[in-house]
2 protein chains.
Amino acid sequence: MQKITIEDLAQPTATPDKTTGRTLILNNAARLFRTKGYAATSLRDLAAACNMKAGSIYYHFESKDAIVAEVLRIGVAQVYEEVRRVTTELGEQASSDDLIYAAVLAHLKSLHDSIDYTSANIRIFGQVPPEVRQTHLPLRTEYEGYWQRLIEQCNQKGAFSSQRNLRLASFFLLGLMNSTLEWFQPNKTSIADIGLEITTIFIHGMGDTVNTSVQHSQ
Amino acid sequence: MQKITIEDLAQPTATPDKTTGRTLILNNAARLFRTKGYAATSLRDLAAACNMKAGSIYYHFESKDAIVAEVLRIGVAQVYEEVRRVTTELGEQASSDDLIYAAVLAHLKSLHDSIDYTSANIRIFGQVPPEVRQTHLPLRTEYEGYWQRLIEQCNQKGAFSSQRNLRLASFFLLGLMNSTLEWFQPNKTSIADIGLEITTIFIHGMGDTVNTSVQHSQ
DNA sequence: GTCTATAATATGATAGAC
DNA sequence: GTCTATCATATTATAGAC
């Protein structure tokens with residue numbers, strides 16, 4: 001569980017800082033949706049944040065719904081791609097501890113690297129117009145399924161007690177990781193430390209008397 | 001960990017079904033805020049759900065902010081009171097396993113009993129006007145502190161490895177429990193089973209080879 | 001305790017100049 | 001690619017009848 005460090009996680013799909021029209025609008029939209037909510041973010045607010053006027057936005061997007069749909073998509077796609085990348089890189093023969101730790105760290109790092117998009121996704125998913133939500137749902141479900149299969153793979157390697165409910169376990173782990181968006185403070189504990197703590201508790205629990213889970217895989 | 005069952009948890013402060021003015025407005029407001037968000041819920045929507053006209057709401061509340069402030073307060077207070085009640089009832093000499101299981105079950109049951117209020121609280125907290133949020137924050141922080149002290153008590157009884165970060169642990173447990181609001185389906189797994197699974201994983205982890213955590217405390 | 005009517009303002013979206 | 005101006009509609013909140 002020490003092979004992958006936070007420096008090893010590249011950022012091929014990280015949010016670009018480009019200040020051109022479309023990307024600028026999306027970045028500001030993600031931030032405003034996250035902080036103010038979907039309905040409370042007016043196109044005048046958004047335009048002002050981009051140093052534009054409201055009418056100009058319609059050159060780049062056909063509607064407010066089109067903007068929020070793209071913000072939602074990016075919020076999942078960034079994380080999904082990164083988690084898939086590091087787990088694929090580890091390969092089939094990796095240990096369960098290594099797989100889970102790498103996936104947890106990739107999810108957490110990506111989540112906080114693109115925090116405006118990922119936090120907006122989680123916060124406003126339930127608020128967007130039903131058509132937008134229905135269009136977005138399959139991508140969410142697909143990513144949840146990716147984690148379910150990851151947990152099942154680890155189970156088949158004998159990593160878990162047969163008493164555990166695997167469907168619940170993947171919901172627990174995702175919910176736990178995503179909740180970091182609401183309380184994480186960079187100056188208190190690093191993402192790498194939080195990832196290690198989450199992995200350790202998930203596999204061994206709070207009461208584990210083994211020295212640490214890091215030494216576990218050595 | 002078998003002493004407390006889901007039937008033992010009374011509901012002294014559960015949301016009343018009264019259809020009188022003020023309570024009717026609050027119940028409908030909680031439901032609409034939860035499903036549509038804060039800004040997207042208009043006072044016309046709310047009045048229509050109460051079979052009223054928009055103007056009539058101002059007889060019961062002085063503003064939309066006053067309504068949402070009360071919805072937020074109830075969302076935390078219901079859960080807080082119930083968790084405090086069952087942990088106080090168990091007393092100081094209870095085992096760590098019993099304490100955590102009872103608190104987890106009380107939190108989960110209360111969360112889903114008053115789901116419109118609790119889910120609204122979690123979903124719209126970040127969207128309400130800053131003054132409302134600041135007024136509500138101390139109650140949230142106090143409840144989080146209650147869990148931190150509970151975890152610390154269990155730690156002093158020797159329940160946890162000294163390697164674990166107790167501050168993170170309470171955030172993990174709260175985030176994990178609250179995430180059930182987004183995916184819980186009553187026909188798949190009961191709240192009691194989810195509570196047992198959460199407690200077991202939190203204390204012993206997914207890889208625990210002990211038969212079950214229930215037999216643990218016998 | 002609920003109604004109607006209305007004031008004052010904000011919203012998403014469009015049309016057409018530059 | 002951005003602007004101004006505007007349409008049609010929706011919003012919170014108030015005043016006063018019943």
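No hydrogens, no waters, no symmetry mates; every other heavy atom, side chains included, goes into these values. Each chain gets a letter, A, B and so on, in the order its sequence line appears, and its residues count up from 1.
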Worksheet item: Taking atom P of C:dG12 as reference, at what distance in whole Å does atom CG of A:Asp65 sit?
Response: 11 Å

Response to the item:
Regarding the side chain of B:Lys53, the nearest nucleotide among D:dT6, D:dT12, C:dT4 is C:dT4

Practice prompt. Could you tell me whether B:Arg140 and B:Glu144 make a salt bridge, using a distance below 4.0 angstrom between a side-chain N and a carboxylate O?
Written response: no

Discussion item. Please verify the inter-ring angle class for B:Trp183 with A:Phe171; under 30° counts as parallel, over 60° as perpendicular, anything in between as tilted.
Written reply: parallel

Worksheet item: Which listed nucleotide (C:dA13, D:dA13, C:dT11) is nearest to the side chain of B:Leu43?
Response: D:dA13

Worksheet item: Just how far, in rounded Å, is C1' of C:dG1 from CZ of B:Phe61?
Response: 14 Å

Worksheet item: Taking the side chain of B:Tyr58 as heavy atoms from C-beta outward, which of D:dC3, C:dG12, D:dT14 is closest to it?
Response: D:dT14

Worksheet, complete the sentence: Closest to the side chain of B:Ser42, out of D:dG1, D:dT11, C:dT11, is D:dT11

Worksheet, complete the sentence: Walking DNA chain C from its 5' end, the first of A:Ala40 and A:Gly55 to be reached, judged by nearest nucleotide, is A:Ala40

Practice prompt. Specify whether B:His107 and B:Trp147 have parallel, tilted or perpendicular ring planes, treating 30° as the upper limit for parallel and 60° as the lower limit for perpendicular.
Written response: perpendicular

Worksheet entry | Between P of C:dT2 and CZ of B:Arg22, the distance in whole Å | 14 Å

Discussion item. If I take atom CZ in residue B:Arg44 and atom P in nucleotide D:dA13, what distance separates them, rounded to the nearest angstrom?
Written reply: 11 Å

Discussion item. Quick check for you: among D:dT12, D:dT4, C:dT2, whose closest atom lies nearest to any side-chain atom of B:Ser56?
Written reply: C:dT2

Worksheet item: Nearest-Å distance, CD1 (B:Ile57) to C1' (D:dT12)?
Response: 11 Å

Discussion item. Tell me the interatomic distance from B:Lys64, atom NZ, to D:dA13, atom P, rounded to whole angstroms.
Written reply: 8 Å

Worksheet item: In whole angstrom, what separates A:Ile67's CD1 from C:dA13's P?
Response: 8 Å

Worksheet item: Using 4.0 Å as the upper bound for N to carboxylate O, is an ion pair formed by B:Arg149 and B:Glu152?
Response: no

Worksheet item: With a 4.0 Å cut-off, would you call B:Glu82 and B:Arg85 a salt bridge?
Response: yes

Discussion item. Given C:dT2, D:dT11, D:dT2, identify the nucleotide with an atom nearest to the side chain of B:Tyr59.
Written reply: C:dT2

Practice prompt. Report the nucleotide, chosen from D:dC3, D:dT12, C:dG1, that has the shortest atom-to-atom distance to any side-chain atom of A:Met52.
Written response: D:dC3

Worksheet, complete the sentence: Separation of D:dA13 atom P from B:His60 atom NE2, nearest Å, is 16 Å

